[in-house]
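All remarks here apply to the structure that follows.
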Amino acid sequence: MRTRFAPSPTGPLHLGHAYSAMLAHEMARAAGGEFLLRIEDIDQSRARPEWEELIYEDLRWLGLSWDGPVMRQSERLEIYRGIVGEFWIALEAFACTCNRKDILAAASAPQEGAPAFGPDGIVYPGTCRQNKSVWEREDPPKDAALRLDMGLAVTRDGVFDHRIDTPDGGRRVAHFLETGAGPNGETGQITFTDREMVEDVGDIVLARRDMGTSYHLSVVLDDADQGITHVIRGEDLFEATKIHVVLQRLLHLPTPIYHHHRLIRDEAGKRLAKRDDARAIRTYRDEGATPADIRAMVGLAV
Ligand code: GLU
């Protein structure tokens with residue numbers, strides 16, 4: 001078993017991160033497996049070296065040790081670019097010049113009703129997909145975002161390879177194994193359909209204009225390159241797993257086992273955010289808390 005903790009150095013770690021890291025570490029050690037660390041710093045406008053330093057400090061203070069070298073996404077941009085180029089050549093990606101306002105306007109057009117919201121944000125209304133053929137297929141443009149043509153992706157060999165019968169003529173499905181639970185208690189073999197991916201998720205961003213990659217693409221490539229067998233992370237990423245499975249199938253990468261865990265919330269029931277500085281692990285440390293206090297606070301056995 002090999003798992004990982006993959007924080008973004010865009011602020012201090014809070015109790016939610018500590019829970020995720022401690023749980024993954026504990027599950028790896030209990031199985032005699034490995035626990036890896038990955039710094040998800042593709043967003044160079046938000047990542048800061050001092051936050052990265054604080055991640056190492058906080059994790060060490062919590063008593064967590066990681067195996068092997070730390071993977072840093074900012075050192076892998078060429079790898080991401082190469083894969084994005086392959087999607088581009090295969091016509092599975094299209095260039096998108098819409099800004100947020102354009103997308104919202106098109107998605108809220110009267111005939112569309114309220115815009116649908118999926119794990120990658122508003123379901124893309126398809127505007128730029130119509131212009132796919134006007135772009136040269138040499139290098140992908142750098143001044144546009146690149147989106148996955150989901151309608152095409154789901155028809156590729158090996159992506160949705162099982163059929164199930166339904167009253168309206170059958171569906172093609174893909175699946176992954178969940179050993180934790182999604183936000184609605186989803187667990188075990190999780191099945192999802194090609195139609196759900198096209199209608200409820202849509203043309204997700206593969207590469208952001210300013211970055212040359214996206215969270216979804218990087219996470220899938222990095223988990224494969226780090227040989228991760230079990231992804232342990234918060235239940236807020238449960239729905240995004242379906243995107244990750246589609247990308248794994250397109251790229252012929254193995255699908256790890258997923259274990260989504262509950263989120264740590266404040267007294268009002270709101271999930272913790274990075275800007276909620278009061279709950280930074282560093283603050284607890286400065287106030288004299290011990291790692292055992294942190295474990296107790298997040299409901300782990302001390
Ligand atoms: N970097 C993500 C975060 O900080 C976690 C990604 C993942 O675990 O897949 O929320």
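Read the numbers this way: they start at 1 and go in the same order the structure lists the ligands and their atoms.
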For the side chain of Thr283 and the backbone of Arg279, is there at least one donor-acceptor N/O pair under 3.5 Å apart? no
Check ligand 1 against Arg4 and write out every atom of the ligand that is under 4.0 Å from a heavy-atom position of the residue. 7 (C), 8 (O), 9 (O)
Using the six-membered ring of Phe160, assess whether NZ or CZ of Arg249 lies under 6.0 Å from its centre and within 45 degrees of the ring axis. no
With heavy atoms of Glu40 as the reference, note each atom of ligand 1 found under 4.0 Å away. 1 (N), 2 (C), 5 (C), 6 (C)
Region of Leu237 that comes within reach of ligand 1 [heavy atoms, distance under 4.0 Å]: side chain
Tyr284 with Tyr56, same ILVMFWY side-chain cluster at under 4.5 Å: yes
Looking only at the side chains, is there a donor atom on one of Arg233 and Thr241 sitting less than 3.5 Å from an acceptor on the other? yes
Could you tell me which atoms of ligand 1, counted from 1 in the order shown, lie closer than 4.0 angstrom to a heavy atom of Ser8? 1 (N), 4 (O)
Does ligand 1 come near enough to Ala6 that some N or O of the ligand is less than 3.5 Å from an N or O of the residue? yes
Atoms in ligand 1 with a heavy atom of Val219 nearer than 4.0 Å: 9 (O)
Please work out which of the three classes, parallel, tilted or perpendicular, describes the rings of Phe238 and His260, given edges at 30° and 60°. perpendicular
Residue-ligand contact His17/ligand 1, heavy atom below 4.0 Å: no
At the 4.0 Å heavy-atom cut-off, does Phe5 count as touching ligand 1? no
What do we get for His260 next to ligand 1 when only non-hydrogen atoms under 4.0 Å count, side chain, backbone, both or neither? neither
What is the ring orientation for Phe176 with Tyr258, classed by angle as parallel under 30°, tilted 30 to 60°, or perpendicular over 60°? perpendicular
Result of checking Arg2, Arg4, Arg29, Arg38 against Asp67 for salt bridge (charged side-chain N to carboxylate O under 4.0 Å, His left out): Arg29
